[in-house]
Structures are given as structure tokens and as C-alpha cells.
Amino acid sequence: MSSKENCLKIAHKIMHPYRRFPLELLSESQAEKELESLSKDLKHHDNLYYQKDMPELSDGDYDSLRHRLLAIEKKFPHLMSKDSPSLKVGAKAADGFEKVTHLSPMLSLDNAFDHGDLEKFQERMNRFLNLPLDGFLEIIAEPKIDGLSCSLIYEKGVLKTASTRGDGYVGEDITANIKTIKSIPQILPDIQKDLNSFEIRGEIYMGKKDFIALNEMRSEKGEQPFANPRNAAAGSVRQLDIAVTASRPLGFFAYGFGNFDSDVIKTHQDRLDLLERWGFYLNPLIKICSSTQKMTAYHADLESKRASLDYDIDGTVFKVNDLDLEKRLGCVSRSPRYAISAKFPPEQGTTTLLDIQIQVGRTGVLTPVAILAPLTVGGVVVSRATLHNKDEIQRKDARIGDQVIVQRAGDVIPQIVRVVNVDRADRSEPYEFPENCPVCHSRAIQKKDAVAVRCLGGLNCSAQSVLRLQHFISKGAFDMDGFGAKHVALFCEKGLIKIPVDIFKLRDLNNTLERPLQKWEGWGQKSADKLFDAIDAKKKISLARFIYALGISQIGQTTAKTLAKVYGRYDNWVDKMMAASQGLLGNQDYQELMEIDGIGQEMAADLINFFQEKRNVEILKGLVGPYVTVENYKAPINFDSPYAGKIIVFTGTLSAMGRGEAKAKAESLGAKVSGSVSKKTDFLIAGTDAGSKERKARDLGVKVLSEKEWILTLLS
Ligand code: IVH
């Protein structure tokens, strides 16, 4: 399905014609049809949210679907199906994880929308307990952490099992993943030996700053960013490879118990104190409330703090403090009577998409940014939002001039949820993603199966200069002892270096500065000289290091070495790469490149992309010769080989390896490779269709080997 169709489908689902019908006017047969379609949609969106961690709907849109379903079921209870989504707390456990049955169910909370609902909550509890209706039951108010709920089973004080909520009764076994979270103690101190198994409940979350950093990293790597910290936390925990979980910064706030028997613990506050003594992190904003006014004030105060917290919260949870009362109050269907949550209003708004600008990241990824007509969402003025990548723009079919729904993702980066009125007639043209980098104007391409569009400018692109130059001088490359990554960052920031040759021009440039380096704070003549000497000391470099230093995509140290071995000389390498990238695919030099062991089609394409970019070739010209000498590849001589010190000539067409590789191989065995046969020639290796050289060699009594014989000697 195209992204536009998908987009239309989502919009259509939310605005299904029946769903606009006022409830009072809905006939039974209409209600039946609508319930069926709502159930189907909710199951689909539950699956996206709980199993895939990639929701398509905003929380608000999802809630409106669910509310509509609940309202119809309330009006026509007999139409409610046995597997209605309203009977489920969450979604079924995902495949790939073992199932865990919770010792006590993981319920969800009823919602209060205003002060009146909180008063009703108190009144309802008092009525149930047969207490005076105007009495107040002491409440503990806690931030509702927007993460992934988790149940931990401890046996004799040792963490045995950790699971997700799943459908409230059976969750997924995430024990191995959870053991990588440092804030979850694996052994509880001072535990009575005879204590039964018990469950601790809490919320796994990802901090906002960590979420932003993770998404930046994902974007750079061309991976799909997470929509918000909650999805990032869920996606990080539900990893079959626990090394991935271990690499993600996750936190855990404990907020209670599942089953737990104790005579000493009398209040929820006692529970929290015990959890803290055991080493769990509790949320620092938990507070006791002694009236409904104080409950409302707590909620308002929490909302005002929301944006400044480093973790995401979506409301307040109010819990009765007295555990006897908690027990007596018990639960009704899927939620407890003794607790309620008050959610913050959704942080969404509608505005105009004024423009789409492209930002270029440090590794050359082009990220589209939506420029919006400023609007206030959740008390913060928003004028920019991320559109993540090229595919995302297409998926959303976002066009300049559109009305868009903007949401602050977990209070952090605003994002475009969707376009409003996607099907209206007067929409502008679809957005065309640029084919060139807006910073350096080099081509920008999206590789097959990649999410990111990347600039091919590499060394030319000033957006990428810091990383590129840091790579250029790094250990496996120019290895400038005394001129390191922080120096590169400093000189880039001052605008003194942009491309590699600038590093070698730095001493001369410095002499022309009004305030030269030796006058900068923390620098003196000595340290400045030392720095320039460090650069000068590296004016000669091996071919392998030089190739690696260029930072061509996929060309790491091993491949650079292979290339150096095969092509031997810098000029030869450049000529051959230019030739390979100019002709049609399939030209001889391209074939030779592809024949090299260890070079696949993708790598060859990256090399060709590099050489097709004129500016890269200009950079090489300005650098090698005038400033840097690239030394020929020196094969480590193998004195034991039968070819050590011998002169070899290749002729005819070789089938197992290209000419370049054969030459490099011979040289690595200590041989010298010559182009013509003479009395001095020791071996002639004859491929198919060998002509005059073979005849001459035989006349001169030179030993002639077939390609097969030559290869056999290599293997012995
Ligand atoms: S108490 C009986 N306390 O909110 C329910 N839940 O709908 C007991 N949550 O997914 C839950 N912070 O994981 C409780 N301080 C807190 C919470 C909290 C977040 C989540 C919980 C569940 C949902 C409840």
C-alpha cells in the first residue's frame, strides 16, 4: 500500500461515517456494525502499540476510538462480544518471549477528568465502606510515569522473573533484559528467609535526554527513530538480543506490590519506604494529600513541573494510603476501587506547515524539519517539528501549506502526527525531497533498503567536517600524535579548517592571523609549535592509511589495506577508480574492482560514488602532491616462498583473480612483477590466450606456469 493510501486509511478509520453519528440516534443494527469495525481497528492499533512499539495513532485518537466503543457497549450491552477490546487491559504477549502468569493481575486505572471526578472518587469509596460520604480517605499522589509497566517476582529476596503487563494476566518474560537495568536490585537486603515469592511493580522508562540522544544515533545510522520515550523504552526492553537492552539507558521507578503479605506494612507509604530500603528508586515527587483540594492542587503543580522533568509523565495516580481499606475496597472488573488516575490534557494542536527545511547531520544524514506557524502545545510555543526522514514525509504525505496535527512527543521533540483533510482538493504539490545536500550541494542518495538519505560530499561537506576530519587524523589513518579530535573540533569551530588540506596549511595560516594560536587562552609559542610539528611529522603516509583516512562509506582499515595491496601505487589507485566510475558498469576496471576478494557490490558502489563526486577528486588533487606524499604499498616479503626475489611476468587472461590482485599476491610472496619477458625473467604465468610473451619465454627457457599451476603453488 502506498504511504498516501495508508495515511488516508488511518484518517478514514478515525472518521468512519458511523462514528460521527450521535449515540442517541444510533440504531441497533448500526451499533452492531460499528462495534465490529471499532473492535477490529482497536485490535489492530493495540497490536501496533503493544507488540510492535510503533503506534500509528496519537494517544488522543486511540482514546476516542476506545471511548466510542465503551459508550456503544454501555448503550447496547447485549451487543458486546466476548472478545471485545474493552475486556482487555493491554494486549496479548508478543511472540518470541516466554509467557509469565502474574501472581496477581496487573490492572489498569479508571480516569478522573476534573476536580468533580476526584470528589466522586472519594464519595464512591466512602459509600462502599459505609463511611460518612463527606469524609476524606488519606491519599498518596504519585506521578504517572509514561513508560512500560513491569512486574518483578522475587523468591527469597532474589530476582527470579521480570515480565511485561501483557493482557494483565499473562505477560512476556523479559527477565534477561531487565537484569541489565542497574536501578533494579537483583538481591534484596535483609530479607526474612521464609518469605514467600512476591511481586514488585513499577515502570521502566527512558529519560528524555537519553531518548533524544538515542534517536539522533538511530537517525545517523539510518534507522527509524522512536516516536516517544515510552516506545523507546518498550522497544529497548523487548529485544531478543539482550545486548541491545544493555546498551540502552533505562530507568525504573518502583510504585508498589502485586501480591505481598506482611503484618508490619500498614500503609502504602510503608510499602514505599520498604521499597526504598531495598534499594529501589522511588519517584521524588510522591506526596500525601489530605483533601480533594490538595489532590487537585498536586495535579496542577505536577503539570507545571512536567516539561522540566527529565522523564515523561502523563498524569497523577491517586491511591488510598490505608492498606486495610485498600483490601476492603478491592476491584471492579479491570480497575481497582482504591486508586484512580488523572491524566494531563493531550499535548496536541493543529497548525500550518509553512516549510520543510533540511538539516545535515555530522555523518551526512539529511533530516527534514517542519517549520510551523507557531502554536502553543502543553504550555510551550512550538514552531518546528521533526519529520524524521524522506519516507516519513511520504507516509504522512505532508505538503507545504497543509494543516497538520502537532504533538509534543513525550514532552520532548514536537512531531507531526498527521495531516488534516488529506483528501481536500486544493492541496499543494507533494513535497520533493532534495537530490543534493543543501550544505555542500553534492548529490544526496538513499541506498537500497536504507531509511536515511545521505550526502555524498563527505570531506567537502562542512556539516560533516568535524567528524570527517577527526577520522582523518585518527589512529588508523594519519595518526597525528599531538593533534587530536579536540583540536579538530576547536579549529573547525573557529572556521580555520574545513577540508583535510587545511590541516597542513594551518601553520602558514596561523602566521597570517591577527591573533595567532600562541596568543589564544591556554596556548603559548611552545604548545603551538608542538602542534604544527605533529602535523608536519605526518606528511608522508602509507597508501592503506591514506585510503582509510578518506572515510569513504564502508571502506574500513581492512578494505583499505586490500585496495592498497591490489593497486600498489596511489596514482594507479586513483586512475583505476576514476576509470571504474566513469565507464558503464561492467567496464574492465570496474570488473577488476569487483573481482577483489572482500569487495562486494555495495562497497564498489561506495567507492564509485566517492570518485564520481568531482569535489572529492579536487580535494585529492589539492592534497596529494602539494602537501602529502602517499607511499607505494610495500608488500611484506615472505622469504620462504618459492617466488622470493624472483621476477614474474603475467600474460593472457587470468580467471581466478584480476591482474591487480595477482600482482599484489606475487609481490607479497617476495617476487618482483615485470611487464616484459627477458632472460632475467624467472617465471611466466600464462592465462588463456597468452600470445607472443609465452612463445618468447619458452624460447628463452623461462619456466612457464599455467594459471592453475600458479594457484596450486599459492595453496601449498
Ligand atoms: S499503580 C491497579 N502507580 O499506569 C493499578 N501505576 O493504568 C496499579 N503507572 O500501566 C498501578 N505510574 O504501569 C501506578 N505511580 C504509578 C504509576 C502507574 C505509571 C502505569 C502503570 C499502568 C498504568 C495504570
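Along the sequence shown, residues carry numbers from 1. Counting convention: from 1, in listed order, for ligands and their atoms alike.
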**Message:** When you compare ligand 1 with Glu142, is there at least one nitrogen or oxygen pair between them that comes in under 3.5 angstrom?
**Reply:** yes
**Prompt:** Against heavy atoms of Pro336, which atoms of ligand 1 measure under 4.0 Å?
**Reply:** 2 (C)
**Asked** When you look for heavy atoms under 4.0 Å from ligand 1, do you find them on the side chain of Lys319, its backbone, both, or neither?
**Response** side chain
**Message:** Heavy atoms only, cut-off 4.0 Å: how does Arg201 contact ligand 1, side chain, backbone, both, or neither?
**Reply:** neither
**Request:** Identify whether the distance between the nearest side-chain nitrogen and carboxylate oxygen of Lys40 and Glu36 falls below 4.0 Å.
**Result:** no
**Best match, Phe257, Tyr255, Phe318: closest heavy atom to atom 14 (C) of ligand 1** = Tyr255
**Message:** I'd like to know if Lys327 and Asp324 make a salt bridge, using a cut-off of under 4.0 Å between side-chain N and carboxylate O.
**Reply:** no
**Item:** Test: Lys120 and Glu123 ion pair at under 4.0 Å
**Value:** no
**Request:** Would you kindly specify which portion of Ser341 sits under 4.0 Å from ligand 1, judged on non-hydrogen atoms: side chain, backbone, both or neither?
**Result:** neither
**Message:** List ligand 1 atoms under 4.0 Å from Leu107, heavy atoms only on the residue side.
**Reply:** 2 (C), 5 (C)
**Message:** When you compare ligand 1 with Val317, is there at least one nitrogen or oxygen pair between them that comes in under 3.5 angstrom?
**Reply:** no
**Request:** Could you tell me which atoms of ligand 1, counted from 1 in the order shown, lie closer than 4.0 angstrom to a heavy atom of Pro143?
**Result:** 12 (N), 15 (N)
**Salt-bridge criterion met for Asp301 and Lys305 (N-O under 4.0 Å)** = yes
**Asked** Gly202 near ligand 1, heavy-atom distance under 4.0 Å?
**Response** no
**Message:** So for ligand 1, is Ser108 a polar contact partner (N or O within less than 3.5 Å, distance only)?
**Reply:** no
**Prompt:** Can you find a heavy atom in the side chain of Leu188 that is under 4.5 Å from one in the side chain of Phe198?
**Reply:** yes
